[in-house]
Amino acid sequence: MQLLPGFRDFYPDDCARRNYILETWRSVARRYGFVEFDGPVLEPIELYKKKSGGELVGQLFDFTDKGERHVALRPEMTPTLARMVAARERDFKKPLKWFCVPQFFRYEKQQRGRLREFYQLNCDILGEPSPAADAELVAVVIDLLRGFGLGEKDFVVRLSSRTAWQEFFARAGGQPEDEYEFFQIVDKAERNPPEKTDAALAKFGLTAQQVLDFMRSKTATAELAPILADLTARGLGGFVEIDYAIVRGLAYYTGVVFEVFDRSKNERALAGGGRYDKLLSLMSDGKTDLPALGFGMGDVVLANLINDTPAAKAQLDAWLARERAADVYVVIAKEERRPEALALVQRLRDAGQRTDFPLTAAKIGKQFQTAEQLGARIAVLVGDEWPQVKVKTLATREEQFIAADAVLACFQPST
RNA sequence: GUGGCCGUAGCUCAAUGGUAGAGUCCCAGAUUGUGAUUCUGGUUGUUGCGGGUUCGAGUCCCGUCGGUCACCCCA
């Protein structure tokens with residue numbers, strides 16, 4: 001049987017790599033005061049139709065359940081978050097700083113950095129309109145990536161704003177109802193030939209040159225300046241560039257938007273997000289109106305970049321080695337001593353030592369080889385010397401005899 | 001969803017249209033109380049799948065599934 005396209009098996013080594021990413025995400029998010037939440041993997045399809053107007057339904061894993069409900073595997077978290085917050089908004093002190101690490105499912109053709117199943121860290125701040133919240137969000141993005149050993153030379157946050165483009169569009173005489181169409185044109189202006197952009201902009205009385213000129217003006221607007229100042233005060237200014245080419249595809253963004261890219265531009269976006277001040281109101285039919293902003297960061301592109309960045313790769317490998325290493329391997333040199341060895345194994349495990357031993361009789365050399373492969377730091381040999389055992393530090397090959405009862409003391413922290 | 005390239009052992013890859021191979025990994029032994037190297041032996045295949053051409057197909061043709069890259073999209 002083959003895997004379904006775009007889905008992954010996680011063998012122990014893959015699972016450890018995945019957990020490294022998830023644990024690092026959780027650790028940094030908590031450091032910033034974000035608290036973890038989660039929701040259902042399966043949702044009624046209307047939840048996703050409401051926001052997107054059905055455009056994204058073609059990329060959902062959806063089906064009809066046995067109760068005739070039309071359901072979908074979650075492709076994103078923002079609708080669920082909006083529903084949850086809107087339902088119990090008064091229970092939470094503002095601003096809310098919530099994160100989650102959900103597995104998402106999207107029915108798309110897979111390619112580099114994009115699968116049909118993936119994990120994505122989501123961090124959201126709700127109930128805070130101040131630019132301080134925007135800066136806090138960008139700061140946590142930066143520190144999340146720094147947490148993997150990535151630095152200023154490895155990635156950059158491209159900071160932009162829908163507001164800036166709204167004002168640009170209004171100055172040119174554009175109507176608010178045409179804004180979204182205009183954003184879509186701007187979003188593609190960098191990739192499309194100027195003639196094509198000119199043609200699309202003609203109805204608004206604009207030219208590709210005007211749009212590209214503004215796009216390349218790196219001066220911060222009054223909205224973005226305090227965010228930059230905040231990040232500079234934190235010492236994170238070097239990670240951020242103003243770049244009005246970032247518009248993002250979705251209709252619901254209202255203000256600051258940003259995307260994070262690797263400097264070499266080999267990968268697709270590492271993370272992306274922005275403000276969606278009107279979305280909660282939209283999702284709750286006006287019952288709840290909270291300003292909000294957030295971003296998502298997927299595991300697939302991030303893993304690619306870590307593997308291609310030596311310092312980050314080294315940090316990952318060190319973590320993996322620590323993660324899988326056994327503390328102690330008990331070598332049973334004489335099968336007659338197996339009961340005593342089992343007792344020792346049990347005591348070591350009770351004391352919290354990661355302990356392994358041969359389940360069946362095996363040659364000594366084989367057992368040491370196994371101990372080595374398991375990454376054990378210490379081998380304890382049980383044999384003729386009982387009630388003494390031989391304690392060997394595998395890295396240095398030093399051995400010493402110790403009374404079996406005293407072995408545990410070797411592993412206690414010496415205070 | 002559209003198009004280019006690619007599918008041979010668990011992995012990396014060979015094989016002019018003529019008997020499917022090597023390295024690696026794994027297992028065992030050399031070595032009955034010590035890890036490396038080395039040496040010896042061993043397991044592993046419906047050549048992705050299904051048709052077709054041919055005396056004969058891993059090889060050529062068609063289809064299909066999967067992978068990959070680009071486009072579309074990117075919550």
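Computed from a prediction, not measured in an experiment: that's the story for all the values here.
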Could you state the [atom1]-[atom2] distance from [X] to [N], rounded to the nearest angstrom?
X	N	atom1	atom2	answer
A:Ile364	B:rG33	CD1	P	6 Å
A:Asn192	B:rC72	CG	P	7 Å
A:Arg112	B:rC69	CZ	C1'	11 Å
A:Arg268	B:rC71	CZ	C1'	11 Å
A:Asn266	B:rC69	CG	P	12 Å
A:Glu76	B:rA75	CD	C1'	4 Å
A:Tyr48	B:rA75	OH	P	15 Å
A:Arg106	B:rC74	CZ	P	11 Å

What nucleotide among [options] has an atom nearest to a side-chain atom of [X]?
X	options	answer
A:Asp384	B:rG33, B:rA75, B:rC72	B:rG33
A:Lys390	B:rG33, B:rA75, B:rA70	B:rG33
A:Pro5	B:rA75, B:rC73, B:rG67	B:rG67

Pairing nucleotide - [N], Watson-Crick or G-U, each distance under 3.5 Å:
N	result
B:rA14	none
B:rA57	none
B:rA28	B:rU40
B:rU64	B:rG48
B:rU2	B:rA70

Please state the [atom1] separation for the pair [N] and [M] - nearest whole angstrom.
N	M	atom1	value
B:rG23	B:rG52	C1'	36 Å
B:rA36	B:rA30	P	15 Å
B:rG67	B:rG58	P	25 Å
B:rG63	B:rC5	P	13 Å
B:rC60	B:rG56	C1'	13 Å
B:rG7	B:rU46	C1'	15 Å
B:rC13	B:rU53	C1'	29 Å
B:rU19	B:rU59	P	14 Å

Distance criterion of 3.5 Å, no angle test: do you see the side chain of [X] paired donor-to-acceptor with the base of [N]?
X	N	answer
A:Glu108	B:rG1	no
A:Gln59	B:rA75	yes
A:Lys109	B:rU2	yes
A:Arg114	B:rC73	yes
A:Lys363	B:rG33	no
A:Gln369	B:rU34	no
A:Lys392	B:rU34	yes

Pairing of [X] and [Y] as salt bridge, 4.0 angstrom limit:
X	Y	value
A:Arg324	A:Asp13	yes
A:Lys153	A:Asp262	no
A:Arg74	A:Asp38	yes

Using a heavy-atom cut-off of under 4.0 Å over every strand shown, decide if [X] touches base, sugar-phosphate, or nothing.
X	answer
A:Pro75	base
A:Gln184	nothing
A:Gly6	sugar-phosphate
A:Gln367	nothing
A:Gly249	sugar-phosphate

Identify whether NZ of Lys or CZ of Arg in [X] sits under 6.0 Å from the centre of the six-membered ring of [Y] and within 45° of that ring's axis.
X	Y	value
A:Lys265	A:Phe261	yes
A:Arg116	A:Tyr107	yes
A:Arg18	A:Phe10	yes

Next on the checklist: Within the 3.5 Å criterion, strictly below it, is a donor on A:Glu398 or A:Thr393 matched to an acceptor on the partner's side chain?
Outcome noted: no
Checklist entry - Mind checking whether A:Phe34 and A:Tyr32 have parallel, tilted or perpendicular rings, split at 30° and 60°? => result tilted
Checklist entry - So which one's nearest nucleotide on RNA chain B is more toward 5', A:Gln373 or A:Ala376? => result A:Gln373
Checklist entry - Under 4.0 Å: is that the gap between some side-chain N or O of A:Arg248 and OP1 or OP2 of B:rC74? => result no
